Amino acid sequence: MKNYNNILTETEGAIGMITINRPKQLNALNKETIAELHEAFDNFNRDENINVIIVTGSGEKAFVAGADIKEFMNFDAVQGRELAAKGQELLFDFVENLETPVIAAINGFALGGGLELALASHIRIASDNAKMGLPEVSLGVIPGYGGTQRLAQIIGKGRAMEMILTAEMINADTALNYGLVTEVVPQAELMIAAKNKAQKLLKNSPKAQSFAIKALNAAYTKTGFEVEKDLFGQAFATADFKEGTTAFVERRKAEFTGK
Ligand code: DAK
């Protein structure tokens, strides 16, 4: 197995496992992590001996606490749009359209880009301590990795609108109730539950599963994703974005002016 700086990969029979491994930053996604995830997903997808992929976060606290705020806070509008497009292509759209089914095992905070990675996965299960949310508007930006589209697809527009506009987190039971995850287990049992789910998938035809993923995904329009990318880029040019990200780093409450 290849050594990466930010992720760990291993296999168990026909299951490929990817663990995002930046626990000190709560597994936040920086550019390098996104590139490594792309490579790991791509390699498992091409490997004929791997028929299910599980993605999780290291440590007991976080799946992924979002995009790396300290990295993206200095991007401008053009970089913002470009990076949103690149990130989608490399990771979020990429995972959603993989032939091999992906199970997200959400072991703690799944926020912003972290929840968006789980939303792009085909199946989501969570530990009972997990917290999920799209806090982007509290930073002066919008979800830019497909969150405005996929959250509404999965839990419905009304609940998605409330989660995105309040920027609040929901707990695992609410996520189960919303259909955002399909199973909640104690944290110590999360990987067992993920592997049990994987075993159920492994009983079926990989080819038929890849066709099914393609067919299910075909129902959703791409126009919304383009609008999201444009508005995400525009948000990067606002004073509110500067204030929101600076306030996070300075550990204070943001004072938005609406500019
Ligand atoms: N980025 C960078 N560092 C992070 C981080 C993040 N998203 N989340 C946490 N950390 C770091 C903290 O800064 C802290 O580092 P040190 O101060 O120890 O150096 C360390 O992880 C531990 O975090 P806390 O001390 O804050 O831990 P607490 O238990 O007190 O709080 C928390 C846990 C998850 C509630 C809190 O850390 C938190 O609110 N984190 C931020 C959540 C968030 O707002 N995430 C970002 C959402 S926005 C883009 C496309 C898409 C996006 C961005 C760019 N481009 C195309 C450019 C998407 C944006 C998002 O994901």
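Each ligand, and each atom within it, is numbered from 1 in the order the structure gives. Nothing here was measured: the structure is a model prediction, and the numbers come from that model.
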Inset, instruction - Closest by any non-hydrogen atom to atom 43 (C) of ligand 1: pick that one out of G66, A65, G144. - result: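 Closest candidate by heavy-atom distance is A65.
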Inset, instruction - Ignoring hydrogens, just give me the one of F248, F92, F109, F72 whose non-hydrogen atom is nearest atom 38 (C) of ligand 1. - result: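 Checking each option, the heavy atom nearest atom 38 (C) of ligand 1 is found in F248.
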Using heavy atoms and a threshold below 4.0 Å, how should the contact between [X] and ligand 1 be classified: side chain, backbone, both, or neither?
X	answer
A28	side chain
K61	side chain
L139	side chain

At a 4.0 Å threshold, what atoms of ligand 1 neighbour a non-hydrogen atom of [X]?
X	result
G113	60 (C), 61 (O)
L111	34 (C), 42 (C)
K70	13 (O), 15 (O), 19 (O)

Closest approach of [X] and [Y], non-hydrogen atoms and distance?
X	Y	value
E116	P143	OE2-CB, 3.3 Å
Q209	L201	NE2-O, 3.0 Å
T182	L176	C-CD1, 3.6 Å
I53	N45	CD1-N, 4.3 Å

Look at ligand 1 and say whether [X] reaches it with a heavy atom at a distance under 4.0 Å.
X	value
K131	no
P135	yes
Q79	no
E71	no

Legend entry - Sub-3.5 Å N/O-N/O distance, G112 and ligand 1: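 By distance alone, the answer is no.
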Legend entry - N or O pair under 3.5 Å between F236 and ligand 1: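 Min N/O separation from ligand 1 is not below 3.5 Å for F236.
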Inset, instruction - Measure the distance from atom 60 (C) of ligand 1 to every protein heavy atom, then report the residue, atom name and distance (to 0.1 Å) of the closest one. - result: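 Going atom by atom, the protein heavy atom closest to atom 60 (C) of ligand 1 ends up being E136 OE2, 3.5 Å.
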Inset, instruction - Please write down residue, atom name and distance for the protein heavy atom closest to atom 9 (C) of ligand 1. - result: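 Checking every protein heavy atom, the shortest distance to atom 9 (C) of ligand 1 gives L26 CD1, 3.8 Å.
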Legend entry - M191 and I54, any side-chain heavy atoms less than 4.5 Å apart: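 Side chain of I54 against side chain of M191, heavy atoms only: contact under 4.5 Å found.
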Legend entry - Protein contact for atom 7 (N) of ligand 1 (heavy atom, distance under 4.0 Å):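 There is a protein heavy atom less than 4.0 Å from atom 7 (N) of ligand 1.
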Inset, instruction - Flag the pair K229 and E226 as a salt bridge only when some basic side-chain nitrogen lies within less than 4.0 angstrom of an acidic carboxylate oxygen. - result: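 Looking at E226 together with K229, the answer is yes, because their closest N to O distance falls below 4.0 Å.
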Inset, instruction - Assign the ring pair F72 / F241 to parallel, tilted or perpendicular, where the plane angle (0 to 90°) is split at 30° and 60°. - result: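 Ring orientation of F72 relative to F241: parallel.
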